Amino acid sequence: MTTRVRYAPSPTGLQHIGGVRTALFNYFFAKSTGGRFILRVEDTDRERYSDESLQDLFDTMNWLGLDWDEGPEKGGAYGPYIQSERSEIYRRYAHKLVEKGYAYYCFCSEERLEALREEQKNSKSDHQGYDRHCRDLSPEEQNAKLKEFRDAGKEPVIRFKLPLSGATVMEDLLFGKITRKNSDISPDPVLLKSDGFPTYHLANVIDDHLMEITHILRAQEWIPTGPLHVLLYRAFGWEPPKYCHLPMVMGKDGQKLSKRHGSTSAREFRESGYLPEAIINYVTMVGWSYDDKTEFFTKEELEKVFSLEKINKAPGVFDYKKLDWFNGQYIRKLSPEDLAARLMPYLQKAGLCSDPATEKEKAILAGAVPLVRERLKKLSDISEMIRFLFKGVSVDDKTILIPKNGTPETTADILRWLAGYTEAFFDRSDEENEAVLRAEAEKRGVKIGDLLHPLRVAVTGTPVSPPIFETMRLIGKETSSERVRRAAGLF
RNA sequence: GGUUCCUUCGUCUAGUGGUUAGGACGUGAGAUUCUCAUUCUUAAAACAGGGGUUCGACUCCCCUAGGAACUGCCA
């Protein structure tokens, strides 16, 4: 039997790290078992649905290179893969449950439910949730209400009739048996909403069965509803798939990862210059490991080596610092050409390069890449790092030209000397130049850094830059000399 | 409040009854270096607590504590 797994997000917001992790695990599990990876869009919440979210889902999958074997835009034998296009199916099955006595119409108003919730909150009773008000309506009452509703152009919701006693066991590949008393399950959850759309519980169970999903890999937050789903499968007379609940991804404070912890959406990570390779590698490593030493994995390797047994049960904290480290590692693994190509969009966005880039701009970037590759954590770092290659520099505050142990006088003198030297600089090798500067520093009784600091600030406008000799060659003789002269003129 | 799940360095983890409890990020120190970064060396840092079981428990069982998730006509 080939495994069939699915990633089934709800397009009600940007794809976040938790979702990405679920997608990744499903994808790798499918690949590693020679199975099929299905994408299903669970857009049954019409209130929160947005086209932008759906687009973001595709963009994210695309960015990460997670191709689905079946799903929207691709099709497959079990379509449609967008739940809003399957409404008829859910309605049919929901009514089938009513006929079989496993579900019932509920006519309770939002207001009544609201009041009920309010009351329960205050009473702090152990049992919360729906009071099963409509569960035992007599056939006459039910028909009357139904007519009343339909005459008014309304539809009642359909609720699942949970067993009042007993317990239900869900088998989980990771956690083993998870048992819940039926009386502890949220009482008679809604299956079909009044707008005719199914709730998650109904749609999910029906689709997973109809699409012949063999394994459900989803976040641990679904554990409490697991037994409910098992009950639903049973009511339909179906065999539940195998479950594997994935540990959650938390923020530093141990709470579910959210905006206040930092970036959480794939889009933010993409835009600030994290490589998909790094995201894939790092995100997979929170909650999963291969052994005690290997931590670098390409997507292709993970497709082979991933296994459910190595998943950790405990939730994991998302460590932004470690992600940065991974990203830096991956940036350094890129070929110079590849890195340059990935960097260019950031320069364009910062207004430093035109779009499309000119040959000259490309050449400057190509020259800069060897100097910055060791220094980048994120691709977006590039614009501030080398803006002086594209734009003029202005030293507003001349004191930043002064090295740590220098004075305005000594600095002015050094700059004048440097201004006189820059011409010769370009005729010599870096080694020769360094020798000259060292000799000059010694003559002045200072360190070479005391000469290089004013030079660096004069040429790049900042006290932190790539190695200054190489940088000057990138900037060119004209501009470099001019900048040094101008800095000297400041005193 | 109730239900369910979880618990090895600050963080991610290895470990499956006998180990000096290993690695990685981060942090400290040092080296390299023109700044920054990279790189290298090195240090500090953990089995939540209490009971059992056992010749022997991080590993098995129980209890406690702590944490999390769920408790919607959201998923």
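Within every chain, numbering begins at 1; the chains are lettered A, B, ... in the order of the sequence lines, protein sequences first and strands thereafter. Not measured: the values here are computed from a predicted model.
Of the candidates B:C25, B:A75, B:C34, B:C34 carries the atom nearest the A:Leu452 side chain, counting heavy atoms from C-beta on. Taking every side-chain heavy atom of A:Pro224 into account, B:C70 is the closest of B:A14, B:C70, B:U35. Side-chain proximity of A:Arg332 to B:C34, B:G26, B:U39: nearest is B:U39. Comparing B:C34, B:A68, B:U71 against the side chain of A:Gln255 picks out B:A68 as the nearest. Of all nucleotides listed (B:C12, B:C73, B:A75), B:C73 comes nearest to the side chain of A:Arg117. Closest approach to the A:Arg180 side chain among B:U39, B:U3, B:G10 is made by B:U3 (side chain taken as heavy atoms from C-beta onward). Nearest to the side-chain atoms of A:Glu470 among the listed nucleotides B:G26, B:A75, B:C34 stands B:C34. Nearest nucleotide to the A:Glu374 side chain, out of B:A75, B:G1, B:U38: B:U38.
Here A:Ser194 lies in heavy-atom contact (under 4.0 Å) with a base. Across all strands, A:Thr179 comes closer than 4.0 Å only to sugar-phosphate atoms, never to a base (heavy-atom distances). Counting any heavy atom pair closer than 4.0 Å across all strands shown, A:Tyr200 reaches a base atom. Counting any heavy atom pair closer than 4.0 Å across all strands shown, A:Gln329 reaches sugar-phosphate atoms only and no base atom. If you check every strand for non-hydrogen atoms under 4.0 Å, A:Ser289 touches sugar and phosphate atoms only. Counting non-hydrogen atoms under 4.0 angstrom, A:Thr12 reaches nothing in the nucleic acid. A:Gly328 comes within contact range of no nucleotide atom at all, as no heavy-atom separation falls under 4.0 Å. Here A:Val464 lies in heavy-atom contact (under 4.0 Å) with a base. Among the atoms of the strands shown, none is found under 4.0 Å from any heavy atom of A:Pro227. Within the 4.0 angstrom heavy-atom criterion, only backbone atoms of the sugar-phosphate kind lie near A:Pro315; the bases stay farther away. Backbone-only engagement by A:Glu434 is indicated by non-hydrogen atom pairs under 4.0 Å involving sugar-phosphate atoms exclusively.
Taking the six-membered ring for Trp, A:Tyr274 and A:Tyr282 have ring centres at least 6.0 Å apart.
Computed from coordinates, the A:His16 NE2 to B:A75 C1' distance equals 10 Å when rounded to whole Å. Computed from coordinates, the A:Asn182 CG to B:G2 P distance equals 20 Å when rounded to whole Å. As a whole-Å value, the separation of A:Ile223 CD1 from B:A75 C1' is 16 Å. In this entry the distance linking CZ of A:Arg373 with P of B:A37 reads 19 Å, nearest Å. Rounded to whole Å, atom P of B:A75 lies 16 Å from atom CD1 of A:Ile216. The NZ-P distance, from A:Lys447 to B:U35, rounds to 10 Å in whole Å. Taking atom NZ on A:Lys313 and atom P on B:U16, their separation rounds to 16 Å, with Å as the unit. Taking atom CG of residue A:Asn312 and atom C1' of nucleotide B:U7, one finds them 11 Å apart after rounding to whole Å.
Among the candidates A:Arg342, A:Lys333, A:Lys299, the single residue satisfying the salt bridge (Lys or Arg N to Asp or Glu O under 4.0 Å) test with A:Glu277 is A:Arg342. When A:Phe296, A:Tyr330, A:Tyr320 are each tested for a ring-ring contact (aromatic ring centres under 6.0 Å, His included) with A:Trp325, only one passes: A:Phe296.
Here the separation of B:U64 from B:U41, taken at their C1' atoms, is 45 Å to the nearest Å. A gap of 44 Å separates the P atoms of B:C5 and B:U39, to the nearest Å. Going from the P atom of B:U59 to that of B:U19 covers 13 Å, rounded to whole Å. B:C58 and B:G18 are spaced 12 Å apart, taking the C1' atom of each and rounding to whole Å. Rounded to the nearest Å, the gap between the C1' atom of B:G50 and that of B:U7 is 15 Å. Rounded to whole Å, the C1' atom of B:U27 lies 28 Å from the corresponding atom of B:C6. Remark: the separation of the P atoms in B:A48 and B:C12 is 13 Å, to the nearest Å. Rounded to a whole angstrom, the distance from the C1' atom of B:U71 to that of B:G15 is 37 Å.
Checking the phosphate oxygens (OP1, OP2) of B:C74, a side-chain nitrogen or oxygen of A:Lys193 falls inside 4.0 Å. Phosphate contact (OP1/OP2 of B:C70, side-chain N/O of A:Lys256, threshold under 4.0 Å): present. Dashed line: the shortest gap from a side-chain N or O of A:Arg218 to OP1 or OP2 of B:A69 is not under 4.0 Å. Applying the 4.0 Å criterion to OP1 and OP2 of B:C34, one finds that A:Arg438 has a side-chain N or O inside that range. For A:Thr294 and B:G23, the shortest distance from a side-chain N or O to OP1 or OP2 is not below 4.0 Å. Between A:Arg159 and B:C73, a side-chain N or O to OP1/OP2 separation shorter than 4.0 Å is present. Between A:Lys310 and B:G15 there is a side-chain polar atom (N or O) within less than 4.0 angstrom of OP1 or OP2.
The nucleotide B:U33 finds no pairing partner, because no Watson-Crick or G-U wobble arrangement with both distances shorter than 3.5 Å includes it. Pairing partner, B:A43: B:U27, with both Watson-Crick or wobble hydrogen-bond distances short of 3.5 Å. Taking a pair to require two hydrogen-bonding distances under 3.5 Å in either a Watson-Crick or a G-U wobble arrangement, B:U20 remains unpaired. In this structure B:G66 sits in a base pair with B:C6, meeting the Watson-Crick or G-U test at under 3.5 Å. Nucleotide B:C58 has no partner under the Watson-Crick or G-U criteria, as no pair reaches both atom distances under 3.5 Å. Nucleotide B:U71 forms a Watson-Crick or G-U wobble pair with B:G1, both donor-acceptor distances falling under 3.5 Å.
Ring geometry for A:Trp288 against A:Phe297 counts as perpendicular: the plane angle is over 60°, on a 0 to 90° scale with 30° as the lower cut. By the 30° and 60° cut-offs, the orientation of the rings of A:Phe107 relative to A:Phe149 is perpendicular.
Within the model, atoms NZ of A:Lys322 and CD of A:Glu295 stand 5.0 Å from one another, a figure rounded to the nearest 0.5 Å.
Between A:Ile178 and A:Pro198, the residue anchored nearer the 5' end of RNA chain B, judged by the nucleotide with its closest heavy atom, is A:Ile178. Both A:Val317 and A:Ile468 lie near RNA chain B, and the one whose nearest nucleotide falls closer to the 5' end is A:Val317.
Side-chain contact, A:Arg260 with A:Ser258: a donor N or O sits under 3.5 Å from an acceptor N or O.
Formation of a donor-acceptor pair under 3.5 Å by the A:Thr294 side chain with backbone atoms of A:Asp291 is not found in this model.
Both the sub-6.0 Å distance and the 45° axial angle are not jointly satisfied by A:Arg159 relative to the ring of A:Tyr105.
Residue-environment remark: CD (A:Glu442) stays at or below the threshold of 12 foreign heavy atoms within 6.0 Å.
Evaluation of atom-type donor-acceptor distances gives a pair under 3.5 Å for the side chain of A:Lys322 against the base of B:A24.
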